[in-house]
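Here the structure is laid out as structure tokens; the discussion comes afterwards.
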Amino acid sequence: MSKEGDKRREGGSMVLKMLTGSQAVAWAARLARVDYVPAYPITPQTEIIEILSDWIRKGEMDARFVQMESEHSLLTAAGTAAATGARVFTATSSQGLLYGFEMLYCIAGWRAPLVLVNVARALAAPITLEPDHNDVLAARDSGFLQFHAENAQEALDFVLLAYRVAEDHRVLLPAIVNIDGFHLSFTRERVELPEQSAVDEFLPEYVPVHPIKASEPVAKGIPVLIPPLYSFFKYQMHMASRNALGVFREAARAFERMFSRAYGPVEEYMLDDADTVIVMSNSFASIGKQAVKALRDEGNKVGLLKIRLFRPFPTDEIVRALRGKRCVVVIDQNISVGRGGIICPEVAEALYHLEDRPKVILPVIAGLGGKAISLEEFRHSVRVAERLASLRAGPDRPLLLFREDEEMLVESLLKTASGG
Amino acid sequence: MSITKYRTLKDVPREEFLAPGTSLCAGCGALLVMRLFHKALGGDVVWVNAAGCITLMATFPYTPLKSSWFYTAMASAPAGAQGIRDALDILIRKGKLDPSENLKVAVVTGDGAASDIGLQSTSGAIHRGLDFFYLCVDNEAYGNTGFQASSLSPMGSETATTKPTHLFPAGNPLPKKDLFEIWRSHRPPYVATISPSHAVDLLRKVEKALTLKGPRLFLALCPCPTGWGIEPSESVKLARLAVETGIWPLKEAIYGEVSHTHVPSKRKPVEEYLKAQRRFAHLFRPVKNEEVIAEIQKQVDDYWSKVER
Ligand code: SF4
């Protein structure tokens with residue numbers, strides 16, 4: 001960790017540090033005083049678990065680190081430990097998340113409120129290292145709460161918020177905090193590191209419900225073979241997740257009082273007078289914001305809506321931000337092959353029944369496998385949406401962004417691959 | 001073995017940890033083993049389970065157990081045990097949990113979970129020296145799903161996926177994996193085979209394991225009336241025949257050192273064991289498959305010739 005970047009703010013309420021996204025979430029786990037860190041390495045998550053294992057081995061963090069033999073086992077151990085009453089932190093990525101996928105549903109069903117950082121990385125095949133969100137969004141139906149971070153500060157803060165919301169007895173669901181691989185995980189930024197005492201106040205000790213102990217035997221995870229019972233428990237989870245919206249707002253207010261940073265489930269960027277709104281999430285939203293500024297300089301009334309809390313889905317905030325706008329451009333950094341983006345239909349459904357719903361909701365696929373999104377592509381997407389609106393037409397398919405120079409590059413590589 | 005509380009069947013502890021009336025089949029060998037095993041293990045246990053027949057012991061809102069139970073997933077009960085063991089240890093060390101709340105952590109799975117889908121997770125847990133018990137109730141197939149072959153199904157047996165046909169007259173052509181040796185190769189403190197027919201041997205082994213720390217693993221041959229094609233009343237008899245024919249050696253390995261806890265003085269022919277079960281009926285009718293029966297006998301003889309030497 002860079003010492004030069006550290007600066008103590010006047011009043012000593014926190015420390016400024018230069019941290020990567022990975023270091024920021026490791027600090028959050030440390031500040032949350034987690035008890036248990038089961039781990040299994042995968043690029044680009046490794047920096048997180050290396051830091052935590054180091055701190056624990058040096059006695060700087062009072063927790064147990066155990067290296068498991070797979071993500072499936074790691075998630076199993078994480079879930080049973082949380083159900084036993086420990087505060088659990090872990091991290092994985094991409095293939096790892098999918099390898100342990102079965103356990104995501106189990107952990108959520110056990111109502112074991114651990115926090116898992118997913119370092120987003122596109123899924124094989126073809127295998128690659130750069131990010132998109134098909135990994136984290138595959139988990140959207142599991143019951144995990146999902147926080148999507150744009151920068152290192154959000155990454156740190158969201159881990160703390162995630163524990164507070166997840167462990168709340170009105171919620172009791174696990175949470176994923178998503179940070180994009182490389183773009184966020186390995187990028188060094190200035191981060192305000194909260195004081196331990198303040199975090200202790202914000203995040204009291206985890207009080208488990210029906211933990212595993214000798215005096216009160218329990219049976220956990222057992223089959224329910226009567227269909228109404230199954231439905232009942234799933235509805236319960238759903239309602240707990242919807243409760244998390246209110247609990248999040250409460251927690252965010254407490255967080256703001258304590259740390260002077262305000263977080264809503266969505267972030268509105270230059271929305272007030274916007275005709276067209278770009279919807280994005282995660283680290284590429286920073287590029288989106290730059291594009292919005294540039295497009296505004298060119299005279300376009302454009303804004304950006306960033307989704308921070310993806311599960312539970314913040315329908316009310318999305319409706320509030322987008323109703324009455326002329327066009328919405330949803331940039332999905334993922335692809336549901338054979339359909340389109342994953343987030344766009346959720347946004348469209350939220351708006352469908354409004355009288356003043358936008359004229360056009362344009363689905364755009366971009367940034368797959370970490371492909372950059374240039375200003376021209378933002379400009380093009382906005383233009384397509386606005387043209388459709390003036391023609392009173394709707395899009396008949398998602399816009400798949402791909403630039404001419406990229407096409408040329410791919411063509412030359414295809415030629416090489418075929419020996420040409 | 002020096003001092004033991006268990007000398008005869010009269011010494012089987014009276015205390016029951018498993019209430020009657022589960023949804024398992026009548027005469028289920030796995031249930032017999034589980035009941036005896038628990039008696040020897042005593043109270044204050046959390047069982048960690050992977051999918052199998054035993055999973056149906058506890059179905060909402062009932063559990064027959066006085067102890068705690070955690071159904072995890074088919075592939076990862078040992079990892080589930082890791083999480084519970086670690087959590088209890090940390091919480092006790094940090095003073096968040098009273099030491100009197102501590103529990104023994106015991107995994108119970110069938111042979112499919114143990115030898116196929118959960119082998120990786122078992123290997124990981126043993127390698128990490130996890131302080132736990134593992135009881136594998138081996139009925140030699142995936143019983144809960146209708147008796148399909150597992151890698152612990154014996155050569156020559158009929159299962160739902162190894163039906164004898166004119167192309168495969170022997171039924172299952174593959175050998176039974178040697179899970180005892182796979183476990184032992186990790187050099188855990190304790191590995192043993194047990195049988196519901198040899199209750200005193202079983203109790204003594206658990207008693208010994210209780211004095212050790214780390215992975216303590218038990219492989220129990222569990223006759224399965226439904227899958228083996230025997231009467232529910234014959235389970236213990238078949239388990240005994242498996243021991244007396246030498247098919248199921250009773251042994252233990254302490255830190256890898258193997259010793260046999262029961263050496264049958266004169267081994268019965270394997271035919272006696274095979275003949276008594278419907279899953280081997282094709283070896284006898286319509287024509288006797290001398291070759292396969294002889295091969296099974298030879299494997300048993302070879303095994304014991306190395307022991308007796
Ligand atoms: S199928 Fe076999 S092992 Fe399973 S419950 Fe029935 S008798 Fe027991």
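For clarity, every value in this text was computed on a predicted model and none was experimentally measured.
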Given a strict heavy-atom distance threshold of 4.5 Å, which part of B/Ile84 is in contact with chain A: side chain, backbone, both, or neither?
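Contact with chain A involves both backbone and side-chain atoms of B/Ile84.
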Review point. Heavy-atom distance under 4.5 Å to chain A: side chain of B/Asp44, backbone, both or neither?
Key: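 Side chain only.
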When you check the side-chain N and O atoms of [X] and [Y], is any donor under 3.5 Å from an acceptor?
X: A/His210; Y: A/Glu216; answer: no
X: A/Ser94; Y: A/Asp135; answer: no
X: A/Tyr206; Y: A/Asp35; answer: no

Original post:
Top residue by heavy-atom pair count (under 4.5 Å) with chain A, among B/Gly83, B/Pro61, B/Ala125?
Top reply: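 Looking at each of B/Gly83, B/Pro61, B/Ala125 in turn, B/Gly83 comes out on top.
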Item to complete: May I ask you to name which of B/Ala58, B/Ser100, B/Gly43, B/Gly124 has the most heavy-atom pairs under 4.5 Å with chain A?
Response: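 Among B/Ala58, B/Ser100, B/Gly43, B/Gly124, the one with the most close pairs to chain A is B/Ala58.
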Please classify the contact between [X] and chain B as side chain, backbone, both or neither, with a heavy-atom cut-off of under 4.5 Å.
X: A/Phe65; result: neither
X: A/Glu205; result: side chain
X: A/Val88; result: neither
X: A/Leu225; result: side chain

Discussion item. Please determine whether the number of non-hydrogen atoms from other residues, nucleotides or ligands lying under 6.0 Å from atom OH of B/Tyr62 exceeds 12.
Written reply: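 No.
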Exercise. Does NZ or CZ of A/Arg87 fall inside the cone over A/Tyr163's six-membered ring, less than 6.0 Å from its centre and within 45° of the axis?
Worked result: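 The answer is yes, since A/Arg87 meets both limits relative to A/Tyr163.
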Q | Interface residue of largest heavy-atom contact number with chain B, from A/Val224, A/Ile212, A/Ile226, under 4.5 Å | A |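 Heavy-atom pairs under 4.5 Å are most numerous for A/Ile212.
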query: Between B/Phe218 and B/Tyr190, what is the ring plane arrangement, given parallel below 30°, perpendicular above 60°, and tilted in between?
result: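 The arrangement is tilted - the two ring planes meet at 30° to 60°.
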